[in-house]
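This is a predicted model, so every value here is computed, not measured.
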Amino acid sequence: MVKKSKVNFFSFSQPNLPRQKEQPDRIHPPVTDRGTVPNLKWSFTDSHNRVLPAGWARQTTIRELPASPEIAGVNMMLIPGGVREMHWHKEGEWAFMLRGSARITVVDQNLKTFQDDVGVGEGWYFPAGIPHSIQGLDEGCEFLLVFDNGEFDENETFQLTDWLSRTPKEILAKNFNVPISAFDNLPKEERYIFEAPLPPPLKKDEIRGLGPVSEPLSHRMIKMKPMKMKYGSVRIMDSTNFPASKTIASALVEVEPGGMRELHWHPNADEWQYYLSGQARMTVFASAGSAQTFDYQAGDVGAVPRNMPHYVENTGKTTLRFLEMFRAPRFEDVPLAQWLAFTPPELVREHLHIDEKILKKVPPKRVPIVG
């Protein structure tokens, strides 16, 4: 007679408690959540990190976050003197400095040049096809790169050293009118990120060209005058106040405890978010009775398909800071409160069965952060 096993097979399965604590609203969703909504969250921690002696890089693209076909992001670090080698992309590149500072160097299609040192809360925009480089300064740096195509792949960048290593030396010699031996020491493969001496002060760093570019390519987002409210502030940057950024619009949002980014949607582009600090909850309504809630913290990426209404609530005890990014020349959103307030009250009352006094409290201007 075979003796029956007393093993409890459920004992082999243990929940990932740290992960559950990061996503409480996925484990116990609000009763208003319903249906199936695509995953709208990814963490750079879950992305492959390409680590080199002079820095590292990891990316979040449509492969990691399929709900974001319009924008991809790269999180990169350079040590002091570390160089992200001279290169260019098929996509436009927008950047935000998270820590430290870096020098950017650009030569455009008209042989005009641009050079600048950018620090925390600052960054740049490089149009597609324009060659550039980035070098970490005294403290090194960490920054976020945002590209106007979710299919972007950092590993498919056009690198200077990769290109020349794939070009016959006799062709290089003919191009520069020098002996072939001049290229004996060329790297045999791309350098990507490598260490170099720190550059001299910006005013002494020699740069040749046919004059400066027509529009500055760096921005000082953190120094913009914010739109301030009781529960937070918003800085909006797009082609209207940063003319070089013709394909990417952005907003730096700060929400104090007890506050939230109001109920709204974006009619002109998908939204790609990067959480800088604090804790957040976002519920997205996907039509057809479907809605899902997600939790975020620093280093996480959020996505909201265009026209899907949502809010972002500060669920922590410290200031919530995050970036809203769009593949669009201008920032656009439609707020729920003003939409209802600017509609005939009788019509709204018939829809929602609410008192007209509620709508009279809605301010006539935008209030992106409410509490």
Side-chain angles (χ1 to χ4, degrees), residues 36-52 55-77 84-96 106 109 123-134 143-163 166 190 192-193 217 238-239 244-251 265-275 284 286 294 296 299-308 310 322-332:
T36 301
V37 175
N39 177 49
L40 302 178
K41 175 184 176 180
W42 182 265
S43 174
F44 271 108
T45 302
D46 295 325
S47 297
H48 169 69
N49 201 10
R50 184 178 177 184
V51 181
L52 297 164
W56 49 256
R58 50 191 180 177
Q59 60 183 342
T60 297
T61 72
I62 196 171
R63 290 168 291 281
E64 290 78 26
L65 190 59
S68 180
E70 295 188 347
I71 284 186
V74 174
N75 180 207
M76 185 174 292
M77 186 278 288
R84 173 65 179 92
E85 76 158 280
M86 297 164 67
H87 65 284
W88 70 98
H89 311 281
K90 293 179 287 185
E91 299 82 6
E93 173 186 315
W94 186 95
F96 187 87
V106 183
Q109 70 274 28
W124 58 84
Y125 177 84
F126 301 142
I130 301 303
H132 54 275
S133 63
I134 309 162
F143 46 91
L144 175 72
L145 300 174
V146 177
F147 297 90
D148 56 11
N149 183 356
E151 300 276 358
F152 172 82
D153 189 336
E154 173 71 5
N155 299 315
E156 294 180 1
T157 298
F158 293 97
Q159 319 271 16
L160 173 64
T161 52
D162 190 23
W163 178 24
R166 300 293 179 262
E190 69 175 20
Y192 187 56
I193 294 175
L217 298 179
D238 57 19
S239 60
S245 188
K246 293 178 172 59
T247 65
I248 293 181
S250 58
W265 71 92
H266 303 279
N268 64 331
D270 294 348
E271 178 177 348
W272 190 93
Q273 305 164 336
Y274 180 76
Y275 288 85
V284 177
F294 300 84
Y296 301 89
D300 288 345
V301 173
V304 185
R306 84 174 63 190
N307 293 317
M308 287 191 181
H310 56 284
F322 66 98
L323 289 165
E324 298 180 4
M325 309 297 307
F326 308 89
R327 191 179 71 183
R330 296 192 61 173
F331 177 94
E332 295 181 4

J.: If every non-hydrogen atom of Ala328 is compared with every non-hydrogen atom of Asn268, which pair is closest and at what distance?
T.: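 Heavy atoms only, the tightest pair is CB-ND2, 3.4 Å.
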J.: Is it true that a side-chain atom of Ser239 and a backbone atom of Lys246 form a donor plus acceptor pair closer than 3.5 Å?
T.: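 Answer holds: no.
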J.: Are any non-hydrogen side-chain atoms of Pro267 and Asn307 less than 4.5 angstrom apart?
T.: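 The answer is yes, as the side chains (C-beta and beyond) meet within the 4.5 Å cut-off.
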J.: Okay, side chain of Asn49, backbone of Val51: is any donor-acceptor separation there less than 3.5 Å?
T.: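 Pair absent, no side-chain N/O of Asn49 close to backbone of Val51.
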J.: Find out whether the Lys NZ or Arg CZ of Arg50 is both under 6.0 angstrom from the six-membered ring centre of Tyr192 and within 45° of the ring's axis.
T.: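 Yes, Arg50 and Tyr192 form such a contact.
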J.: Could you give me the CA-CA distance, side-chain angles and deciding distance for Ile134 and Trp124, then say whether side chain to side chain contact (heavy atoms under 4.5 Å, CB included) is met?
T.: CA-CA 11 Å; Ile134 309 162; Trp124 58 84; 3.6 Å; yes
J.: Does the side chain of Leu40 reach to within under 4.5 Å of the side chain of Tyr296, using non-hydrogen atoms?
T.: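 In short, these two side chains touch, coming nearer than 4.5 Å.
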J.: With rounding to the nearest 0.5 Å, note down the distance linking NE2 in His89 to OG1 in Thr157.
T.: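 Answer for the NE2-OG1 pair, His89 versus Thr157, is 4.5 Å.
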J.: Measuring from atom CG of Asn149 to atom NZ of Lys90, what distance do you get when rounded to the nearest 0.5 angstrom?
T.: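 It is 8.0 Å, given to the nearest 0.5 Å.
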J.: State the CZ-CZ distance between Phe331 and Phe326, to the nearest 0.5 angstrom.
T.: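 Reported value, rounded in 0.5 Å steps: 5.0 Å.
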J.: So do Ser47 and Thr61 actually touch side chain to side chain, heavy atoms under 4.5 Å?
T.: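 No - every pair of side-chain heavy atoms lies 4.5 Å or more apart.
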J.: Would Glu271 and His310 satisfy side chain to side chain donor-acceptor pair (under 3.5 Å), going step by step from the backbone distance to the final call?
T.: CA-CA 11 Å; Glu271 178 177 348; His310 56 284; 2.9 Å; yes
J.: Could you report the tightest heavy-atom contact between His132 and Ile130, atom names first, then the distance?
T.: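 That would be ND1-O, 2.9 Å.
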J.: Give, for atom CZ of Phe44 and atom OG1 of Thr60, the distance between the pair rounded to the nearest 0.5 Å.
T.: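 Between Phe44 CZ and Thr60 OG1, I get 3.5 Å after rounding to 0.5 Å.
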J.: Enter the distance from Ile71:CD1 to Glu91:CD here, rounded to the nearest 0.5 Å.
T.: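 So the gap between those two atoms works out to 12.0 Å.
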J.: Would the number of heavy atoms belonging to other residues, nucleotides or ligands and lying under 6.0 Å from CZ of Arg63 be above 12?
T.: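 Result for CZ/Arg63: enclosed.
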J.: Under 3.5 Å, side chain of Glu70 to main-chain N/O of Asp270, donor-acceptor pair present?
T.: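 It does hold such a pair.
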J.: Given side chain to side chain donor-acceptor pair (under 3.5 Å), test Thr161 with Glu85 step by step and report yes or no.
T.: CA-CA 8 Å; Thr161 52; Glu85 76 158 280; 2.6 Å; yes
J.: Answer yes or no: is there a donor N or O on one side and an acceptor on the other, between the side chain of Asn75 and the main chain of Leu144, under 3.5 Å?
T.: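 Here the side-chain-to-backbone pair does not exist.
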J.: Taking Tyr275's backbone N and O only, do any of them form a donor-acceptor pair with Asp300's side chain (distance below 3.5 Å, no angle check)?
T.: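 Looks like no, no N/O pair under 3.5 Å.
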J.: Is a donor on one side and an acceptor on the other found under 3.5 Å between the side chain of His266 and the backbone of Glu332?
T.: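 Side chain of His266 to backbone of Glu332: a pair is present.
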J.: With salt bridge (charged side-chain N to carboxylate O under 4.0 Å, His left out) as the criterion, how do Arg84 and Glu154 come out once you've worked through the C-alpha distance, each side chain's angles and the decisive distance to 0.1 Å?
T.: CA-CA 12 Å; Arg84 173 65 179 92; Glu154 173 71 5; 3.1 Å; yes
J.: To the closest 0.5 Å, what do you measure between CG (Asn39) and CD (Glu64)?
T.: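 One gets 11.5 Å once the value is rounded to the nearest 0.5 Å.
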